[in-house]
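Below: one structure, written as structure tokens.
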Protein chains: 2
Amino acid sequence: MDTRHMRYFMALAETLHFGRAAERMNMSQPPFSRQIAMIEHTLGVKLFERNSRNVALTPAGKHFMKDCRNVLGQFEEACRDVRLVASGMKGELRFGFMMHAAHSVVPQLVQLYAEARSDVRLVLDERTPTEIDEMLVAGTLDAAVTFDCGYAPHLQTVLLARERLRIIMRKDHPLATAGQIGPEELRVEKIIAAPAATAPALRSAINSYFLARGIVPHVVLEPRLQHTIIQLVAKGLGVALIPASLCTELGAGLMSRALTDAPQLDVVLRAPVTTKNPAVSTFMEIGKSIQRTLL
Amino acid sequence: MDTRHMRYFMALAETLHFGRAAERMNMSQPPFSRQIAMIEHTLGVKLFERNSRNVALTPAGKHFMKDCRNVLGQFEEACRDVRLVASGMKGELRFGFMMHAAHSVVPQLVQLYAEARSDVRLVLDERTPTEIDEMLVAGTLDAAVTFDCGYAPHLQTVLLARERLRIIMRKDHPLATAGQIGPEELRVEKIIAAPAATAPALRSAINSYFLARGIVPHVVLEPRLQHTIIQLVAKGLGVALIPASLCTELGAGLMSRALTDAPQLDVVLRAPVTTKNPAVSTFMEIGKSIQRTLL
DNA sequence: CACGATTAATGCTTTCAGGGTATCAGATGG
DNA sequence: CCATCTGATACCCTGAAAGCATTAATCGTG
């Protein structure tokens, strides 16, 4: 038995006429009759009640008709869908992003892509930048938004936004009312920053900001998650340098201020150049289309 | 494309090894490789990423795998089910019955059959005896419980029960406290009875009961439905002769009494001898097994 | 680095499933 | 009773697909 046999069966079940059913199958009546006989023989079931004058479905045939319609429909759909998946119109896209971008480009990117490719299931995965890099290499992620960390030959990159860092502190902190804030003013402050192992680009930008003035920043705590950093600042354990886009929704007791010659970080959309997922290309295209204020 | 190709694809998708997949399909590797290439060509989609050392699924292939598993499962199930339907283990059985049997044999018959053949959907259809006869002939019903109305060459018959008629009346009716009740006592009563066109066997039994004593029953109303007859008796418009099994659940104001030499009616299970529905035979068997008190 | 082992692809041959044509056989209506 | 319609049978033939032998590519190993 095969779907071809099901199609033969359906042709006869719908026409109840061997000649016309054979014609619909683009073949002559004799081999068609044999195929029907063969189907009945291999199934061991009489599907049609027939004499040289009339053809009628048996109850088993009536039931089989429903099942066949179902199976043939699913079969066609599977063959259609696999082409859609191959063309990137359907399927799945595993998308990683870092917390630092969750409030800026990610929502727009996700929404625009969902509108363009509603049949592609976006699997969102919030990770630290280092995890993202590893997962992109391992192929666990199809694409990701992260900080540009320079050289990456096996990755294609689209620049999405360029963000300045701002400093956040409690509203009752002395710096809250100070004048301009730069490395000198922060020399004695307790700094909270993600470790280099977790967010290399971010941490290196912070370090360079100080070291360029010959200052070694006084980093007292190194939590891995951005969320934790903000919590610790709120508890008064220090101040932190975070991307501007994260400063819009700080808690009540916190505030942010600009830095003199603030460090800049590039937020990029990345995907392995060798990606086999055809859904990635339009994802990258949409990334290009939403490049933000490159202040 | 055909299910055979899907099976080839699944074999390779699961083993990721041409040689072993071919072996699983009971064929040698070269034609198997060609079949895979053919599948990819006709679909126009690369399903496997392969070199002479490794075989891996593309994203499209991964997706197709799920769909194929689904389609193949449904396909097998359809082929299995059609055999079940042909053997009467599954399918549908359109079962007609008259109101007069709804309280006696029908519930037991239905329950026992549902236990024996849970995969056969019983379509219950309450009808008048005449409608039942017509539908059995027309093939709209597969089997039915009705009164035995004698000769019916194209129907097979199983006697289920033999029921006496009883008379029902309002509790405030004079007959309620009378002695024995027979045709003589009913000579002047207003009788309510189903018309011969609706329930020939029942009406003929009632008529004969009187005519054997030379009495013409005074039938004042002839509703088609048993339910209506009981309602009218309850309103005091007359008395009625109904099967004993229907007398157990009369309304509050009604009562029933035995008749002298009460007429008897055979309740039978019937099906066309030419029935094509294989589910009928065990239905009839169960009918035989529950033959009731043939008092 | 060369060689053997592994594995997928290719070339050629063969076979049989399944299609075509001609014809038969049973049923029906005039 | 014959013409006609329709499904079944007989027989032939083609091509899809299987087998065998071989090639080509890749990797591990001495």
Side-chain angles (χ1 to χ4, degrees), chain A residues 1-58 60-62 64-65 68 72 75 79 274 276, chain B residues 1-58 60-62 64-65 68 72 75 79 139 154 274 276:
Chain A
M1 276 291 295
D2 227 329
T3 46
R4 186 168 46 92
H5 299 118
M6 280 192 171
R7 273 184 273 268
Y8 290 161
F9 167 76
M10 285 302 288
L12 183 56
E14 285 172 359
T15 61
L16 295 177
H17 188 290
F18 279 76
R20 280 187 278 278
E23 193 180 11
R24 181 188 292 191
M25 290 290 101
N26 299 310
M27 61 194 290
S28 57
Q29 171 264 318
F32 183 82
S33 286
R34 259 187 319 220
Q35 286 298 323
I36 295 294
M38 215 262 277
I39 293 168
E40 290 185 324
H41 181 255
T42 56
L43 285 178
V45 171
K46 251 190 117 51
L47 298 170
F48 296 97
E49 215 56 62
R50 56 187 179 279
N51 52 38
S52 49
R53 211 66 196 167
N54 298 303
V55 179
L57 282 161
T58 62
K62 272 207 189 81
F64 195 49
M65 200 175 158
C68 284
L72 290 175
F75 181 87
C79 294
T274 63
K276 292 299 164 193
Chain B
M1 275 294 294
D2 227 330
T3 46
R4 185 168 47 93
H5 299 118
M6 280 192 171
R7 273 184 271 269
Y8 290 162
F9 166 76
M10 284 303 288
L12 183 56
E14 285 171 359
T15 61
L16 294 178
H17 188 289
F18 278 76
R20 279 187 278 279
E23 193 180 12
R24 180 187 291 193
M25 291 289 100
N26 298 309
M27 61 194 289
S28 57
Q29 171 263 318
F32 182 83
S33 286
R34 263 189 308 243
Q35 286 297 321
I36 295 294
M38 214 263 278
I39 294 169
E40 290 184 323
H41 181 254
T42 56
L43 285 178
V45 171
K46 251 189 116 50
L47 299 170
F48 296 97
E49 215 56 63
R50 56 187 179 278
N51 51 38
S52 50
R53 209 67 197 168
N54 299 304
V55 179
L57 281 160
T58 62
K62 273 205 188 82
F64 195 49
M65 198 174 160
C68 283
L72 290 175
F75 181 87
C79 294
H154 52 287
T274 63
K276 291 300 166 194

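Residue numbers start from 1 in every chain, and the chains themselves are labelled A, B, ... in the order their sequence lines are given, proteins ahead of strands.
At a threshold of 4.0 angstrom between heavy atoms, the contacts of A:Asp2 with the nucleic acid are absent. A:Arg50 comes within 4.0 angstrom of the backbone, heavy atoms only, and of no base. Within the nucleic acid shown, A:Phe48 has no heavy atom closer than 4.0 Å to any nucleic acid atom. Backbone-only engagement by B:Gln35 is indicated by non-hydrogen atom pairs under 4.0 Å involving sugar-phosphate atoms exclusively.
Within a 6.0 Å sphere centred on NE2 of B:His154, other residues, nucleotides and ligands contribute more than 12 heavy atoms. Taking a 6.0 Å sphere around CD of B:Glu23, one finds it holds 12 or fewer heavy atoms contributed by other residues, nucleotides or ligands. Other residues, nucleotides and ligands contribute more than 12 heavy atoms inside 6.0 Å of the CD atom of B:Glu40.
D:dA18 atom C1' lies 12 Å from atom NE2 of B:His5, rounded to whole Å. Between the P atom of D:dT6 and the CD1 atom of A:Ile36 lies a distance of 17 Å, rounded to the nearest Å. Rounded to an integer number of Å, the gap from CG of A:Asn51 to P of D:dT6 is 12 Å. Rounded to whole Å, atom C1' of D:dC5 lies 11 Å from atom CD of A:Gln29. Going from atom CD of A:Glu40 over to atom P of D:dG7 covers 13 Å, rounded to whole Å. If you take CZ of A:Arg4 and C1' of D:dA17, they are 13 Å apart, rounded to a whole angstrom. Atom-to-atom, CE of A:Met27 to C1' of D:dC13 comes out at 15 Å; the value is rounded to the nearest Å. Rounded to whole Å, the distance from NE2 on A:His17 to P on D:dT4 is 16 Å.
Summary of the strand contacts: A:Ser52 and A:Pro31 both lie near DNA chain C, and taking for each the nucleotide with the nearest heavy atom, the more 5' one is attributed to A:Pro31. Closest-nucleotide positions on DNA chain C for B:Pro30 and B:Arg20 were compared, and the one nearer the 5' end corresponds to B:Arg20.
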Open item on the list: Set out, in order, the CA-CA distance, both residues' side-chain angles and the distance that settles ring-ring contact (aromatic ring centres under 6.0 Å, His included) for B:Phe64 and B:Phe48, then state yes or no.
Closed with: CA-CA 11 Å; B:Phe64 195 49; B:Phe48 296 97; 9.6 Å; no
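Taking a heavy-atom distance under 4.0 Å as the criterion, the stretch of DNA chain C touched by chain B extends 5' to 3' from C:dT6 to C:dC12.
The OH atom of B:Tyr8 sits 8.5 Å away from the CD1 atom of B:Ile39 when rounded to the nearest 0.5 Å.
Between A:Thr15 and A:Arg24, the closest heavy-atom pair is CG2-NH2, 3.4 Å.
Side-chain atoms of A:Gln29 and A:Ser33, non-hydrogen and from C-beta on, do get closer than 4.5 Å to each other.
Listed candidates were D:dT26, D:dT4, D:dA8. Nearest to the side chain of A:Arg53 is D:dT4.
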